[in-house]
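Structure, as structure tokens:
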Amino acid sequence: MIDSIRMILQESHADLCGKFCHLLEPFLLSLAKTSKPITLKHCNQIHSKLITSQCTSQLHLTNTLLRLYSKCGHFRHAHHLFDQMPQKNVVTWTTLISAHLRSGSFTKAFHMFNLMRGADEKPNEYTFSVLLRACSSPSLLDVGLQIHGVLVHYGLERDKFAGCSLVYMYFNAANDVDDACRIFHELLERDLVTWNLMISGFAQVGDFSVVKRLFSEMWEVHGLKPDHSTLVSLLKCCSSLREVKQIHGLASKFGADVEVVLGSALVDLYAKCGDTSSCRKIFDSMEEKDNFIWSSIISGFTKNSRGEEAVHFFKDMCRKKVKVDQHVLSGTLKACVEMENLNTGVQVHGQMIKYGYQNDCFVASVLLTLYASFGELADAEKLFRRISNKDIVAWNSMILAYAWLDQGSAHCMQLLQELSRTTSQIRSATLVAVLKSCKSKSDLRAGRQVHSLIMKSSVSHHTLAGNALVHMYSECREIVDAYKAFVDIVWKDDGSWSSIIGSYTQNGMESEALELCKEMLADGIAFSIYSLPVCISACSQLSAIDVGKQLHIFAIKSGYTHDVYVGSAIIDMYAKCGNMEDSDKVFVEQLQPNEVIYNAMISRYARHGKSQEAIEVFSRFEKNGLTPNPVTFLAVLSACSHVGYVEDTLNFFTLMVNKYKIKPESEHYSCVVDAFGRAGRLEEAYQIVHKYGSEPAWRTLLSACRNHNNIKVGEKTAMKMIELYPSDHTPYILLSNIYTGEGKWEEAVKWREKMAKINVKKGPGSSWLI
DNA sequence: GTAGGGTTAG
């Protein structure tokens, strides 16, 4: 078509002069309608022809040219033409206003509207329609209301187009159902689009009964056949697979073709109901696939823990040279986060740069989470800083990234302060994210600051915030405060009870924990997959096998035994109570044993001193393609060190660091120290503690020195401990015991006296059995 | 000749 225009334009001026306007008109019209790109050069050529053939007075032609200039985004040329036009009508003005609105230049559009009214040009229903459509976000509602006033002045409130845009605005910008309904009922004429607007408005608000009523009125009373739009709104009201299938069925009943828009909505809904095979069928049946449908299928599979396939779709897209957009990128990255797949993430990062989305808020928020989960905090922060318009989710992602780190609370608090400078409204999700960074006593100050912020803010009654506070105090070993925070929660849910019971269990208050279990049940909250493991764990530590068995029976009845956390708690409970047979049975019943279950099995053997068995489980673990985590290594290392397998301990330690790239924590070092200690290799043990040690590691070393009566290492260990932990009585006692063991009574008494002098007291011994 | 509704992501 553009070629034909070019041919016409190349004809001589004489041939065209009289008939040019007549000939050009259909071409101009078809150009204006085409979806193919039109260049400025084409517009300029047509413009010059219009001038030379003296057609500029033909308003409909110049209006169309104006539309062409606006369509290809050349507002300067459009304005130039506009200024040159000897005559203008309402279409001229509306075309330019609409073009500005489409490009997002609201100020320019409203300025043009004022100029229009100043020039005594009367706006019509089209003018109002485009203006009101632009005012459909809450921030522009004020302007919209003023325009509504002007529209009433011109008597256009009951017009189908103008009124329809009003309905849209009241729903979207004001959430004002009543005004939207009033305008709808007063409209002189209502077509399918008008009905769809009402249906979609109520679907958005969540008033599904009205949606159904409107739908049957539209179809049964007015005989209007639903189209894609109607069905998409109906889909929003579905809460079960059965309902989704019904709507899908309606599409064929009404002959509505499942094209990309309805297809995307269906894929999304089927995915939410877990029916990925239906998603796949719809996706495969699409002849024309757009970004919406690709993005829907990718996120649909991700939602159902099918990240591999989601990534496969993404790669397929890239192979087919489909241009990816920000939705596709963020959806794919989400899959990478869930699968812990950094390699694909890096590839997606490449595409992100290629298509210019590196500063996109949605994409960067997921990518930073991915990098942070691999410990690449500097890269994560770089991504965060580059986001041009950071929204609250981006801030929360960055805060959570630091919250995973040890001692991340300082970073989180800094970010919180920085955020407070940009907004006065801090939401509970952000505060909960900061609380997650408070994991030990040293973070308590930050935790308390957040607590006071919560009390001062409007989220103080939020259950989520309360639960996070209980958890924070528990992690910081402030049990009294944890309980106070628990009492303050107005609506205690399953999470609140699980947190406080877990807190008691982890802090040696198992009996109290079981008392709380009873209170929870009395409060009408049943056991869940969250509260059961903590309650079972309380039984394990009390060796309360009778209660534990009851909880196991409850887990069986409610079908919770397949949950890995419930399962591992039961395995652990029976093992701790010495009942290995039942523990084994529960392990065998696991349908898909994962890391958590295997860790429970390894720890179980470690505790019973069955190192060989623990090592065997570890090999099975690896054979099953699972990746051991720090807890796995802690279990297997302690299994080896407890029985003095020095070589095995060192091999596993090396495996952890070199193959699995896990950074050893103080507990892992303690195991190595223990192994050396038991083998009498005290000097090597001392070197490790000296470099990486923590308080428990020092204690382990000291008791090893006692067992081997090694005065040389024992002395320097005790001295170091007295320096590091002056209020601890252990080094004095152990030193004194070492001397006693060697028959050096005087030295032994000297250390006992020293201890008495500086007022360090040994707690009285106690027995579990009496 | 200017205009309206519907789909996807963190």
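Reckoned from all heavy atoms, side chains included, excluding hydrogens, waters and symmetry mates. By convention in this document, chain letters (A, B, ...) are assigned in the order of the sequence lines, proteins followed by strands, and residues within each chain are numbered from 1.
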> With distance as the sole criterion, do the side chain of A:N89 and the base of B:dG1 form a donor-acceptor contact below 3.5 Å?
Replying inline: yes
Of the candidates B:dA9, B:dG4, B:dG1, the side chain of A:V193 sits closest to B:dG4
Query - Audit row: A:Q326, A:Y355, side chain to side chain contact (heavy atoms under 4.5 Å, CB included) steps and yes/no - result: CA-CA 9 Å; A:Q326 66 273 46; A:Y355 291 109; over 6 Å; no
Picking from B:dG6, B:dT2, B:dG10, the nucleotide nearest the side-chain atoms of A:H228 would be B:dG6
A:W294 atom CH2 is separated from B:dA9 atom C1', nearest whole Å, by 16 Å
Ranking B:dT2, B:dG4, B:dT7 by distance to the side chain of A:S165, first place goes to B:dG4
Whole-Å distance, A:L96 CG to B:dT2 P, equals 14 Å
A:L66 atom CG is separated from B:dG1 atom P, nearest whole Å, by 15 Å
Residues at least two apart in sequence or cross-chain that pass side-chain contact (heavy atoms from CB on, under 4.5 Å) with A:V393, listed by chain then number, are A:D391, A:S397
- When we call it a touch if two heavy atoms are under 4.0 Å apart, what does A:V393 touch: a base, just sugar-phosphate, or nothing? base
The nucleotide from B:dG4, B:dG6, B:dG10 with an atom nearest the side chain of A:K334 is B:dG10
Whole-Å distance, A:Y371 OH to B:dG10 P, equals 19 Å
- Determine, for A:Y154 and A:K122, whether the Lys NZ or Arg CZ falls below 6.0 Å from the six-membered ring centre while staying within 45 degrees of the axis. no
Whole-Å distance, A:E338 CD to B:dA9 C1', equals 13 Å
Worksheet entry | A:H77 and A:H74 aromatic ring geometry - parallel, tilted or perpendicular at 30°/60° bounds | perpendicular
Can you tell me if A:K303 touches the phosphate of B:dA9, counting only side-chain N or O atoms and a distance under 4.0 Å to OP1 or OP2? yes
Among the nucleotides B:dT2, B:dT8, B:dG4, whichever has the atom closest to the side chain of A:D268 is B:dT8
Here the distance between atom P of B:dT7 and atom CD1 of A:I247, to the nearest Å, is 15 Å
Among B:dG10, B:dG1, B:dG6, the one nearest any side-chain atom of A:L59 is B:dG1
A:H248 atom NE2 is separated from B:dG6 atom P, nearest whole Å, by 21 Å
Select base, sugar-phosphate, or nothing to describe what A:R190 touches, counting heavy atoms under 4.0 Å on all strands.
-> nothing
Distance col, row A:K245:NZ vs A:L250:CG, nearest 0.5 angstrom, shows 15.0 Å
**OP:** May I ask you to verify whether the side chain of A:S264 and the base of B:dT7 hold a donor-acceptor pair under 3.5 Å?
**Re:** yes
Looking only at B:dG6, B:dT2, B:dG10, the nucleotide nearest the A:F362 side chain is B:dG10
Categorize A:T92 for me: base, sugar-phosphate, or nothing, with a 4.0 angstrom heavy-atom threshold over every strand shown. nothing
Closest to the side chain of A:S295, out of B:dG6, B:dG10, B:dA9, is B:dA9
Taken in chain and number order and not counting sequence neighbours, the residues that satisfy side-chain contact (heavy atoms from CB on, under 4.5 Å) with A:F208 are A:C237
Worksheet item: Would A:K225 and A:E220 pass as an ion pair if we require N to O under 4.0 Å?
Response: no
- Message: For a quick check of understanding: with a heavy-atom distance under 4.0 Å over all strands, which category does A:K88 fall into, base, sugar-phosphate or nothing?
- Response: nothing
Quick note, A:S200 side chain, CB onward, closest among B:dG6, B:dT2, B:dG4 is B:dG6
Picking from B:dG6, B:dT2, B:dG4, the nucleotide nearest the side-chain atoms of A:K160 would be B:dG4
Notebook entry, point to check: Base, sugar-phosphate alone, or nothing: which one does A:S98 contact when heavy atoms must sit under 4.0 Å apart?
Noted result: sugar-phosphate
### Message
Regarding A:V91, tell me which of base, sugar-phosphate or nothing describes its non-hydrogen contacts under 4.0 Å with the strands shown.
### Response
base
SG of A:C164 to CE of A:M198, rounded to nearest 0.5 Å, is 10.5 Å
note: A:F171, atom CZ; B:dG6, atom C1'; distance rounded to Å ~ 15 Å
**Asked** Hey, are A:D284 and A:R280 close enough for a salt bridge, meaning a charged N less than 4.0 Å from a carboxylate O?
**Response** yes
| message | Looking at B:dT8 and A:F292: do their rings stack (centroid distance under 5.5 Å, interplanar angle under 30°)? | response | no
- Message: Mind checking if A:A162 touches a base, just sugar-phosphate, or nothing, with heavy atoms under 4.0 Å?
- Response: nothing
Original post:
Reckon A:E259 touches a base, only the sugar-phosphate, or nothing at all at heavy-atom distances under 4.0 Å?
Top reply: base
### Check ion pair A:E217-A:R213 (N to O, under 4.0 angstrom)
no
So what does A:V366 touch, heavy atoms closer than 4.0 Å: a base, only the sugar-phosphate, or nothing?
sugar-phosphate
Residues in residues 307-330 of chain A with a heavy atom under 4.0 Å of DNA chain B, by number, are A:Q326, A:H327, A:S330
Practice prompt. Would you indicate what A:F128 reaches in the nucleic acid, counting non-hydrogen atoms under 4.0 angstrom: base, sugar-phosphate, or nothing?
Written response: nothing
